[in-house]
Each structure stands twice: as structure tokens, then as C-alpha cells.
Amino acid sequence: MFDADLLEEALSLGNNRMSQVRSKISSEWPRRSTRPDGDGKARHPLWDRDSDTWFCLHCDGKITGVQIAKNLWHCPECGAVPVDILDTAFWCEDEGKSLPPIGDKAKSDISKPEFHVVDDRPKLELNERNIVLLMRSALLDDSTNVSERLGALLAEITVDEDNDVWIRSKSDLWPDDKAPTQAINVAAQLGIEIEWETMWSKIPFH
Ligand SMILES: [Zn+2]
């Protein structure tokens, strides 16, 4: 979106779509909902109420009839939907008379896009489940035959409270003298200690 041509294209597509949606919506509403009268009175599109002052359920402020009509009955401050726009602020003692006006914010200003830079790089959450999964897949990577793959699948992998790992592999499936190189590498990348031991156990079949 920092590419000016791409941005212009995207904005024009978005703006075209927006005016289509706006005109479709206004065609289904009373005319007074999108065109306030000379005194600035606008009609709520969902129920028959006319007023020149409106209130958003979520914001403490007054909205003029012109403002709310222009913004298709969405709050100019927080974007709340038409059902949350009311003609009295019943939650105020004076029904909202003393509330300050809500400014014409840039939310409905279509010429100035808002940018949010989103960091979408994958992040690794180190918890027991993820560590076990990564260790087992590293062991599978170290396996060169069926017996070792079974050994990788059946190895007991324990993670302690410091996220350090203790792996017990079955000596009948995994050679005693074979180091789990990939598992050691992965542990080093994750900054965790790895403890390796082989133990005797009953293998699934002979
Ligand atoms: Zn609001």
C-alpha cells in the first residue's frame, strides 16, 4: 500500500464500491434520512423520529442531523450502527442537552486513507505443546529408517518449567550411538537445553 499507483487503484475501487453501497442504502430509506430539511432535521431510517440532534449510545456527544445523514446513520466518532443512534441521550440526566458536539472526524473522509502497519511475520509461542511438536518433528528429520521413525514417534518428550527438554528414546528403535543432530540444532535455535537418553522398552513388534 506504500506504492502510490497501487494505493490509487485500491482507493478508486473501494470508493466506487462505497458509492454503490451508499446509493443502494439511501434508496431503501426515507428521503429525509439522507437529505435533512432546511432546519437540519433528519429522519432516523429505522424508526419514525425526526430531529436535528442525535446521540450515539457509545459516545458522549451531540451529532447534528446533517452529520448523521451524511455518515449514513453511523456515528462519526466511533462508527456505531444506526440502531445505536438515538434522539435522546436517556442515560444523561438532562437527556444529553449539555453534551458537547461530536466533531466531524476524518472517518468518513474518503480521500485520506488510514494506514496501519501490520507485522504479519509468524511468531513462535514457546509452550510445552509447541516444543514437543518441534522436537518430535526434528527427531523425525533425524530418522533414516522405519525403526528410527518409530523411535521418533514413540520417544518420551518432557518439557520442564524452564522449557528445557528431556527426551527418552527407545534403544531398540534408535541406535545408542546416534545423536539426534536436528533436535539438538532446533533446541539451540530455540535457546533451550536438551537432555537425551535412551532406555530399554518393549517395541511394538519384532
Ligand atoms: Zn459513537
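- In this structure, the separation between OG on Ser147 and CG on Asp172 is 8.5 Å, given to the nearest 0.5 Å.
- Without hydrogens or angle criteria, Arg32 side chain to Arg35 main chain gives a donor-acceptor distance under 3.5 Å.
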Show me the donor-acceptor pairs within less than 3.5 Å that the side chains of residues 173-181 make with the rest of the protein, sequence neighbours left out.
unit_1: Trp174; atom_1: NE1; unit_2: Lys178; atom_2: O; d: 3.1
unit_1: Asp176; atom_1: OD1; unit_2: Thr198; atom_2: OG1; d: 3.1
unit_1: Lys178; atom_1: NZ; unit_2: Asp142; atom_2: O; d: 2.7
unit_1: Lys178; atom_1: NZ; unit_2: Glu148; atom_2: OE1; d: 2.6
unit_1: Thr181; atom_1: OG1; unit_2: Ala179; atom_2: O; d: 3.4

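- For His44, the ring-ring contact (aromatic ring centres under 6.0 Å, His included) partners two or more places apart in sequence, or in a different chain, are Trp47, Trp54, Trp73.
- Using a 4.5 Å cut-off between side-chain heavy atoms of Ile, Leu, Val, Met, Phe, Trp and Tyr, with links allowed through other members, Val83 and Phe90 fall into the same hydrophobic cluster.
- The CG atom of Asp87 lies 12.0 Å from the CD1 atom of Ile63; values are rounded to the nearest 0.5 Å.
- Salt-bridge formation is not detected for the pair Asp39/Lys41: no Lys NZ or Arg NE/NH1/NH2 atom is positioned less than 4.0 Å from an Asp or Glu carboxylate oxygen.
- Residue-environment remark: CD (Gln20) exceeds the threshold of 12 foreign heavy atoms within 6.0 Å.
- In this structure, the separation between CH2 on Trp166 and CG on Asp160 is 11.0 Å, given to the nearest 0.5 Å.
- When every heavy atom of Ala69 is checked against every heavy atom of Ala42, the shortest pair comes out as CB-CB, 4.5 Å.
- Closest approach of Arg136 to Leu153, counting heavy atoms only: NH1-O, 2.9 Å.
- Closest heavy-atom contact between Ile85 and His74: CD1-C, 4.5 Å.
- Taking 4.5 Å as the limit, some side-chain heavy atom of Leu126 sits within range of a side-chain heavy atom of Ile131.
- The structure places CZ of Phe55 at 11.5 Å from CD1 of Ile68, a figure rounded to the nearest 0.5 Å.
- The cluster map of Ile, Leu, Val, Met, Phe, Trp and Tyr, joined by side-chain heavy atoms under 4.5 Å apart, puts Trp29 and Val66 in different clusters.
- Contact annotation: the side chain of Glu195 never approaches that of Val165 to less than 4.5 Å [non-hydrogen atoms, C-beta and beyond].
- Applying the side chain to side chain contact (heavy atoms under 4.5 Å, CB included) criterion to Glu156, with sequence neighbours excluded, gives Arg168, Lys170, Met199.
- Under the 4.5 Å side-chain heavy-atom criterion for Ile, Leu, Val, Met, Phe, Trp and Tyr, Trp196 and Val186 are members of the same hydrophobic cluster.
- The two residues Pro76 and Gln67 come nearest to each other via the heavy atoms CG-NE2, 4.3 Å.
- In the displayed structure, Glu28 atom CD is contacted under 6.0 Å by more than 12 heavy atoms of other residues, nucleotides or ligands.
- Between the CG atom of Leu13 and the CE atom of Met18 there is a distance of 13.0 Å, given to the nearest 0.5 Å.
- Side-chain contact between Ser98 and Cys92 is absent, with no heavy-atom pair separated by less than 4.5 Å.
- Ala138 approaches Gln182 most closely through the heavy-atom pair O-CB, 3.5 Å.
- With rounding to the nearest 0.5 Å, the separation of CG in Asn71 from CD in Glu77 is 11.0 Å.
- Listed by chain and number, the residues in a side chain to side chain contact (heavy atoms under 4.5 Å, CB included) with Asp5 are Asp3 (sequence neighbours excluded).
- Among residues two or more places apart in sequence or in another chain, the side chain to side chain contact (heavy atoms under 4.5 Å, CB included) test is passed with Asp60 by Trp91, Leu99.
- Ile102 has its side chain within reach of Cys59: a pair of non-hydrogen atoms, C-beta onward, lies under 4.5 Å apart.
- Between the side chain of Ser51 and the backbone N or O of Thr53, at least one donor-acceptor pair lies under 3.5 Å.
- Nearest heavy atom pair, residue Ala155 against residue Ile167, reads CB-CG2, 4.1 Å.
- Criterion: ILVMFWY side-chain heavy atoms under 4.5 Å apart, direct or through other members. Under it, Leu134 and Ile184 are part of a common hydrophobic cluster.
- In the hydrophobic cluster analysis, where Ile, Leu, Val, Met, Phe, Trp and Tyr join through side-chain heavy atoms closer than 4.5 angstrom, Leu133 is grouped apart from Leu190.
- Residues passing the side chain to side chain contact (heavy atoms under 4.5 Å, CB included) test with Ala187, sequence neighbours excluded: Met135, Ile192, Ile194.
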